[in-house]
Colleague: 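Handing you this structure, nothing more for now.
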Amino acid sequence: TRALQPAQADRSKVYVADLESTVHYTLRVEAGRPAVLAGAQLAALKCYVATLAKYFPGRPSVQTFLQSLDSWLRNWTEPELPRSALKEAVKNKEDASPAAVLPTNVTWVGCRGSEPHFRGYPCGLWTIFHLLTVQAAQGGPDEELPLEVLNTMRCYVKHFFGCQECAQHFEAMAAKSMDQVKSRREAVLWLWSHHNEVNARLAGGDTEDPQFPKLQWPPPDMCPQCHREERGVHTWDEAAVLSFLKEHFSLGNLYLDHAI
Ligand code: FAD
């Protein structure tokens with residue numbers, strides 16, 4: 001059953017429907033495009049699914065889906081993975097015990113654009129990776145595997161993201177500074193500040209949804225304490241931004257409203 005779409009989603013919330021729609025789209029649409037996956041592209045898929053299985057805070061049936069796909073991929077040791085085998089592996093197993101189900105439709109809530117060609121999947125992809133960097137920073141030692149999630153995103157975007165121009169821009173940013181990230185906290189902030197760089201570059205352009213202008217995020221009304229002014233110049237209070245991101249992308253801020 002599909003819930004009614006809200007007139008306007010609450011931008012202070014993160015919606016499960018956006019997250020699940022994005023994971024569905026990555027695994028069943030983008031990863032299913034090449035006839036055969038091999039080499040670095042197959043490694044990128046394995047890495048993406050392993051990261052989701054580790055950190056994605058899904059509903060139980062979604063977590064089961066991701067765990068079983070992860071173990072299936074780990075057991076796939078042949079150099080090539082044909083699309084037909086992947087298609088089979090990403091099917092839902094409703095009758096299994098426990099059930100392994102990732103909804104098969106795409107419903108945008110927080111990521112819904114004012115027109116169908118605006119927002120949606122690219123918004124969901126940013127959201128997923130912000131969420132994953134924050135989830136990775138919530139547990140485990142801060143200095144351990146600081147680049148785990150960012151490298152996963154870098155590889156996913158490089159090998160699968162359908163917007164090639166976006167992928168090239170992102171790869172250039174990653175090559176420039178990602179290796180300077182030394183902790184999981186810094187990984188959260190790296191992704192936040194580079195997403196803001198992209199927002200600044202795209203502001204006022206023709207891919208911008210007029211009802212969702214590109215902002216330096218979070219804007220002052222969402223997080224007044226994140227903003228500072230020093231001698232008339234705007235600066236960020238990065239400690240406040242980190243606390244805000246950890247709260248915004250926390251389990252307590254995930255909403256099932258309008259879930260599929
Ligand atoms: P998005 O920018 O998609 O943001 C999604 C949500 O994340 C926002 O609604 C907000 O809640 C939150 N958010 C916003 N900023 C931040 C932040 N700094 N930190 C944390 N959360 C934030 N489009 C192009 O035209 N050219 C490009 O080169 C390009 N490169 C891209 C590279 C990547 C890796 C990705 C994932 C997308 C790229 N896009 C590019 C698409 C573009 O960035 C937007 O995703 C798209 O225009 C939809 O914008 P949006 O308004 O939904 O907000």
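All ligand and atom numbering here is 1-based and tracks the order in the structure.
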Colleague: For atom 7 (O) of ligand 1, find the nearest protein heavy atom and state the residue, atom name and distance (0.1 Å precision).
Modeller: His195 CE1, 3.7 Å

Colleague: Among all protein heavy atoms, pick the one closest to atom 33 (C) of ligand 1 and tell me residue, atom and distance.
Modeller: Trp126 CZ2, 3.5 Å

Colleague: Would you mind checking which non-hydrogen protein atom is closest to atom 10 (C) of ligand 1, with the distance to 0.1 Å?
Modeller: Trp217 NE1, 3.5 Å

Colleague: Can you find a pair of side-chain heavy atoms, one from Trp192 and one from Phe244, that are under 4.5 Å apart?
Modeller: no

Colleague: Can you name the residues that form a side chain to side chain donor-acceptor pair (under 3.5 Å) with Gln225, not counting sequence neighbours?
Modeller: none

Colleague: Considering residues, nucleotides and ligands other than Glu171, do more than 12 of their heavy atoms fall under 6.0 Å from its CD?
Modeller: yes

Colleague: Which atoms of ligand 1 have any heavy atom of Asn199 under 4.0 Å away?
Modeller: 2 (O), 14 (C), 15 (N)

Colleague: I'd like to know whether ligand 1 has Asp209 as a neighbour, heavy-atom separation below 4.0 Å.
Modeller: no

Colleague: Counting only N and O atoms by type, is there a donor-acceptor contact under 3.5 Å from the side chain of Trp76 to the main-chain atoms of Glu80?
Modeller: yes

Colleague: Could you check whether any side-chain heavy atom of Leu45 comes within less than 4.5 Å of a side-chain heavy atom of Leu27, counting everything from C-beta outward?
Modeller: yes

Colleague: Can you tell which of Gly113, Cys166, Pro213 gets a heavy atom nearest to atom 38 (C) of ligand 1?
Modeller: Cys166

Colleague: Is a donor from one side chain sitting under 3.5 angstrom from an acceptor on the other, for Gln138 and Tyr55?
Modeller: no

Colleague: Please work out, at 4.0 Å between heavy atoms, whether the side chain, the backbone, both, or neither of Phe170 comes within that distance of ligand 1.
Modeller: side chain

Colleague: Please state whether Gln216 comes within less than 4.0 angstrom of ligand 1, counting heavy atoms only.
Modeller: no

Colleague: Judging by distance only, is a nitrogen or oxygen of Thr127 under 3.5 angstrom from one on ligand 1?
Modeller: no

Colleague: Out of His130, Gln164, Arg119, who is nearest to atom 8 (C) of ligand 1 when you count heavy atoms only?
Modeller: Arg119

Colleague: What protein heavy atom sits nearest atom 5 (C) of ligand 1, and how far off is it?
Modeller: Cys123 SG, 3.4 Å

Colleague: Yes or no: does Phe161 have any heavy atom under 4.0 Å from an atom of ligand 1?
Modeller: yes

Colleague: Can you sort out which atoms of ligand 1 are near Val198, meaning under 4.0 Å from one of its heavy atoms?
Modeller: 43 (O)

Colleague: Under 2.5 Å between the SG atoms: is that true for Cys123 and Cys111?
Modeller: yes

Colleague: Please determine if Arg11 has a nitrogen or oxygen closer than 3.5 Å to a nitrogen or oxygen of ligand 1.
Modeller: no

Colleague: Check each heavy atom of Leu202 against ligand 1 and say whether those closer than 4.0 Å belong to the side chain, the backbone, both or neither.
Modeller: side chain

Colleague: Considering only heavy atoms of His169, which atoms of ligand 1 have at least one such atom less than 4.0 Å away?
Modeller: 27 (C), 28 (O)

Colleague: Under the side chain to side chain donor-acceptor pair (under 3.5 Å) test, which residues partner Lys214, sequence neighbours left out?
Modeller: none

Colleague: Among all protein heavy atoms, pick out the one at the shortest distance from atom 48 (C) of ligand 1; state its residue, atom name and that distance to 0.1 Å.
Modeller: Lys214 NZ, 3.6 Å

Colleague: Return yes if a side-chain donor-acceptor contact under 3.5 Å exists between Thr26 and Tyr156, otherwise no.
Modeller: no

Colleague: Say whether Glu208 and ligand 1 are in contact under the criterion: heavy-atom distance to a ligand atom below 4.0 Å.
Modeller: no

Colleague: Quick check on Arg185: does its CZ atom have over 12 non-hydrogen neighbours (other residues, nucleotides or ligands) under 6.0 Å away?
Modeller: no

Colleague: Hey, does the side chain of Asn199 reach the backbone of Leu215 with a donor-acceptor pair shorter than 3.5 angstrom?
Modeller: yes

Colleague: Within ligand 1, which atoms have a heavy atom of Pro122 less than 4.0 Å away?
Modeller: 36 (C), 41 (C), 45 (O)

Colleague: Would you kindly specify which portion of Asn196 sits under 4.0 Å from ligand 1, judged on non-hydrogen atoms: side chain, backbone, both or neither?
Modeller: both

Colleague: Does an N or O anywhere in His248 fall below 3.5 Å from an N or O of ligand 1?
Modeller: no

Colleague: With a 3.5 Å cut-off and no angle check, do the side chains of Trp190 and Ser177 form a donor-acceptor pair?
Modeller: yes

Colleague: Verify the cluster assignment for Trp217 and Phe212: are they in a single hydrophobic cluster under the rule of side-chain heavy atoms below 4.5 Å apart?
Modeller: no

